[in-house]
*Asks:* 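Pasting in a structure now, in structure tokens, and then I'll have a few things to ask.
Throughout, a chain's letter reflects where its sequence line sits, starting with A, and its residues are numbered from 1. Bear in mind that the values here come from a model prediction, so they are computed numbers and not experimental data.
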Amino acid sequence: MQTFDPIEILGARFREGIARAYPQVGMDADPLISASRQAQFGDFQSNAAMPLGKRVGANPREVARAIVAQIDVSDIAEPLTERSIAGPGFINVRLQPKALATLLDGLDHTEVGLPAAEHPMTVVVDLCGVNLAKQMHVGHLRATIIGDTIARLYERLGHRVVRQSHVGDWGLPIAMVTAKLLDLEARGELPARLDLDDLNRLYKLAQAECAGEQRALAFVRRFGSNAKIEAELSEIDAEADEHLAHAKRVLVALQSGDAKVRAVWQRIYDVTMRECLRMCARLHTLITDEHSAGESTYAEELAGVVADLAARGVAEESDGALVVRVEGIEEPCLVRKSDGGFLYATTDLAAIRRRVQQIGADLVVYCVDARQSLHFKQVFGAATRAGYATKLGATEPSHLKHAAFGTILGEDGRPFKTRSGESVKLADLLDEAVSRARAEVEQRSIDLSDAERQEIAEAVGIAAIKYADLSNDRVKDYVFNFDRMLAFEGNTGPYLLYALVRIRSLFRKAEAEGIPFDPHAAISIEQPEEKALALELLRYPKTVRSAAEALEPHRLCGYLYEVCAAYSTFYDRCHVLKAESEPVRASRLRLVELTGRVLADGLQTLGLPTVERM
RNA sequence: GUCCCGGUAGCUCAGUUGGAUAGAGCAGCGGACUUCUAAUCCGCAGGUCGUGCGUUCGAAUCGCACCCGGGAUGCCA
């Protein structure tokens, strides 16, 4: 694979040099190339001599000398000499400005260094995870946008990606809502039009009606307890039991394919998914109807899965339940309850089997809350034991990874909730961000039309929320703060959008002034700000690959912020259109254009909307 | 009890494979607008990297013990 990353190029040279200097070590020694932290030491350094000194039993400075003697980097860097060696054995490398121009040229002409993978994998990303009859709330934000960004990262690398939303559309809670709707229908009170708010109300009502203990508790708190009240309580409990029994009957009817029940269920499904998919679109994620693979779609397979596990001795009986024991984990994976019912682990096993053996996944990524870590360890272990994680005809199992994420916290450090303790509706959260962005746009972009300002506010608000989430280390909790994420200074979505706007604005201005852009003009890197920017740009391909590999979008966020910061400094110090000479202007225009392409490509890969003006 | 995750500047966070003097942003202080969009840039100040011991030429990073916070923990999903 062609590379324009100085770290990779120097790495290859050093690896060869080490092999020549120490044949007994060969090519497997790590060249340990990294960017120098301080300009006085040059641009890059190799730390290979120290561990190598230990390995061959020699003084690390001597080792450094031996390596330097075997390496020729004169085509891209200043020649290595005795003076390149510093401290305990650091080898410092200073690039030639001309080499930098050549590398930028190469990056420019190869899809910014990321051509499609030669051997594409199939990657299934489990994301979003909504439930029927419930509004998307703040808890779904991370599963949706982190999952979508991980999917985009693999797509950008040329892999085949299948997004799947494991919709919670089956089981008793759904049957309870279905029962409510059937009651309304029987009484002729079912409205012709239902929205998700209606269903959400019915969901809560059904939950309350079936939760006898809680109702009884509320009753006692309100009135105190005596003999008469206790009679009242048992009546409430009996009522709840009847509601629950009714729901269970509906569940059985649903599972056995009763047409009338199924029709009502379908209506709940359609109403929920219509609103959730609209929210996914507003979030600028590529999640559509075809990506829904709800729990209900596995219902028919569960009995077969359990029978298979039992027949092959993978599962065993324990206290009346059927479990799969997993090495290294104390708690076994329960696949069948003692009453014969299946559990969510059963569904997940069926899902892994389908994803690996039918869809052909080489990698399945689960973008799900960190609290489910144990569950996924069990399920992954059980699936691997059962052979469900191995593609048909393959010898090694595919990779199953849990991309766990932390909780969104409020200012008080507690999970983010409304004042009344309810979870925050995602729609409300987005509206708030957009309206705050709108207020800023009103103040600053007075020359734009109303429609344009609304469009910009929408993009800025959404980008702010998404970037705030994606830029944090996935597994950590983070504190949600509108003011901070919408600030236009610092590591925020709006700052990145603004940098791109300045680039686009510069090209509009160039066009207006009749300054042509020559995509083949010679690049020359002279100023320190130009060099700093150039070095950042060359890091792009590797950053995307490592973010995908580690399933960590925040690596790409941090990188893009560095690019924008380097560009802002460059922009401040190095005039482009008013450059001192024609060749310098042409060179800088190319640098700016390439910066714009890397930035736009990166933002697209993260899934952030961009704007032309703001 | 056991297991998992976290603890870095007043606040919010980065820190890649163990490398030279631990970095950003915000807030604070001081500068830069006859502009290529100042929604920006530059400078100053701010640290017992939770604590201790160990491994190493070298530890925020690896190991052990402990402290603090969060989470999970067999028949809900």
*Asks:* Give me the residues of residues 335-346 of chain A where at least one heavy atom lies under 4.0 Å from an atom of RNA chain B, by number, or none.
*Replies:*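 Heavy-atom contacts with RNA chain B come from A/Lys337, A/Ser338, A/Phe342, A/Leu343, A/Tyr344.
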
*Asks:* How close or far is atom P of B/A77 from atom OH of A/Tyr366, stated in whole angstroms?
*Replies:*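 Taking OH of A/Tyr366 and P of B/A77, I get 16 Å after rounding.
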
*Asks:* Tabulate atom names and distances for all N/O pairs under 3.5 angstrom spanning the protein and nucleotides 2-11 of chain B.
*Replies:*
residue : atom : partner  : partner atom : Å
B/G7    : OP1  : A/Lys476 : NZ           : 3.0

*Asks:* From C-beta outward on A/Pro332, which listed nucleotide comes closest to its side chain: B/G74, B/U37, B/A14?
*Replies:*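 Taking heavy atoms from C-beta onward, the closest nucleotide is B/G74.
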
*Asks:* More 5' along RNA chain B: A/Gly490 or A/Arg613, using each one's nearest nucleotide?
*Replies:*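 The residue closer to the strand's 5' end, by nearest nucleotide, is A/Gly490.
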
*Asks:* Enumerate the residues from residues 404-416 of chain A whose closest heavy atom to RNA chain B is under 4.0 Å, giving them by residue number; use none for an empty result.
*Replies:*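 Nothing qualifies; none.
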
*Asks:* Roughly, in whole Å, what's the span from NE2 in A/His137 to P in B/A77?
*Replies:*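 These atoms are roughly 17 Å apart.
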
*Asks:* Listing request: all ring pair (Phe, Tyr, Trp, His ring centres under 6.0 Å) pairs with a residue in residues 28-49 of chain A, at least two apart in sequence or in separate chains.
*Replies:*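 Every candidate ring pair (Phe, Tyr, Trp, His ring centres under 6.0 Å) pair involving residues 28-49 of chain A fails, so no pair, neighbours aside, qualifies.
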
*Asks:* Taking atom P of B/G18 as reference, at what distance in whole Å does atom CG of A/Leu52 sit?
*Replies:*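 The distance from CG of A/Leu52 to P of B/G18 comes to 16 Å, rounded to the nearest Å.
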
*Asks:* According to ring-ring contact (aromatic ring centres under 6.0 Å, His included), who are the partners of A/Phe342, at least two apart in sequence or on a separate chain?
*Replies:*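 Once residues adjacent in sequence are excluded, A/Phe342 has no partner under the ring-ring contact (aromatic ring centres under 6.0 Å, His included) criterion.
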
*Asks:* Would you give a per-nucleotide map of nucleotides 19-24 of chain B, 5' to 3', where B means the base has a protein non-hydrogen atom under 4.0 Å away, S means only the sugar-phosphate does, and - means neither?
*Replies:* BBBSSS

*Asks:* With nearest nucleotides of RNA chain B determined for A/Ser318 and A/Glu440 from heavy-atom distances, which residue corresponds to the more 5′ nucleotide?
*Replies:*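 Nearer the 5' end of the strand: A/Glu440.
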
*Asks:* Treat a base pair as Watson-Crick or G-U wobble with both distances under 3.5 Å, then lay out RNA chain B in dot-bracket form, 5' to 3', with | for cross-strand pairs.
*Replies:* (((((((..((((.....[...)))).(((((.......))))).....(((((..]....))))))))))))....

*Asks:* Could you tell me whether A/Asp369 and A/Arg371 have a side-chain N and a carboxylate O separated by less than 4.0 Å?
*Replies:*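 Salt bridge: yes.
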
*Asks:* Applying the ring pair (Phe, Tyr, Trp, His ring centres under 6.0 Å) criterion to A/His166, which one of A/Tyr366, A/Tyr344, A/Tyr298 satisfies it?
*Replies:*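 The ring pair (Phe, Tyr, Trp, His ring centres under 6.0 Å) with A/His166 is passed solely by A/Tyr298 among A/Tyr366, A/Tyr344, A/Tyr298.
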
*Asks:* Could you check how far OH of A/Tyr495 sits from C1' of B/A14, rounded to whole Å?
*Replies:*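 Atom-to-atom, A/Tyr495 to B/A14, this comes out as 16 Å.
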
*Asks:* Quick one: side-chain contact (heavy atoms from CB on, under 4.5 Å) partners of A/Ala58, sequence neighbours excluded?
*Replies:*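 For A/Ala58 the side-chain contact (heavy atoms from CB on, under 4.5 Å) partners, ignoring immediate neighbours, are A/Val56, A/Val63.
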
*Asks:* Extract all donor-acceptor atom pairs below 3.5 Å that involve side chains of residues 581-593 of chain A and protein atoms in other chains or at least two apart in sequence.
*Replies:*
residue  : atom : partner  : partner atom : Å
A/Ser581 : OG   : A/Val584 : N            : 3.3
A/Glu582 : OE1  : A/Arg585 : NH2          : 3.1
A/Ser587 : OG   : A/Ser524 : N            : 2.9
A/Ser587 : OG   : A/Ser524 : O            : 3.2
A/Arg588 : NE   : A/Glu530 : OE2          : 2.9
A/Arg588 : NH1  : A/His575 : O            : 2.7
A/Arg590 : NE   : A/Pro519 : O            : 3.3
A/Arg590 : NH1  : A/Asp105 : OD1          : 3.0
A/Arg590 : NH1  : A/Ala521 : O            : 2.7
A/Arg590 : NH2  : A/Asp105 : OD1          : 2.8
A/Arg590 : NH2  : A/Asp108 : OD2          : 2.8
A/Glu593 : OE1  : A/Arg597 : NE           : 3.4
A/Glu593 : OE1  : A/Arg597 : NH2          : 3.3
A/Glu593 : OE2  : A/Arg597 : NE           : 3.1

*Asks:* For A/Lys531, what residues pass the side chain to side chain donor-acceptor pair (under 3.5 Å) criterion, not counting sequence neighbours?
*Replies:*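 Partners of A/Lys531 under the side chain to side chain donor-acceptor pair (under 3.5 Å) test: A/Asp43.
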
*Asks:* Send over the distance from A/Leu322 CG to B/G74 C1', rounded to a whole Å.
*Replies:*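 Spelled out: CG on A/Leu322 to C1' on B/G74 is 13 Å.
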
*Asks:* Which residue pairs pass the side chain to side chain donor-acceptor pair (under 3.5 Å) test when at least one of the two sits in residues 459-470 of chain A, sequence neighbours left out?
*Replies:*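 Listed by first then second residue: A/Arg142-A/Asp469, A/Tyr467-A/Asn491, A/Asp469-A/Tyr478.
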
*Asks:* Taking atom P in both B/U61 and B/U17, what distance in whole Å separates the two?
*Replies:*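 B/U61 and B/U17 have their P atoms separated by 15 Å.
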
*Asks:* For A/Leu500, check side-chain contact (heavy atoms from CB on, under 4.5 Å) against everything at least two apart and list the hits.
*Replies:*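 Per chain and number, A/Leu500 pairs via side-chain contact (heavy atoms from CB on, under 4.5 Å) with A/Arg504, A/Leu599, A/Ala600, A/Leu603, A/Thr610.
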
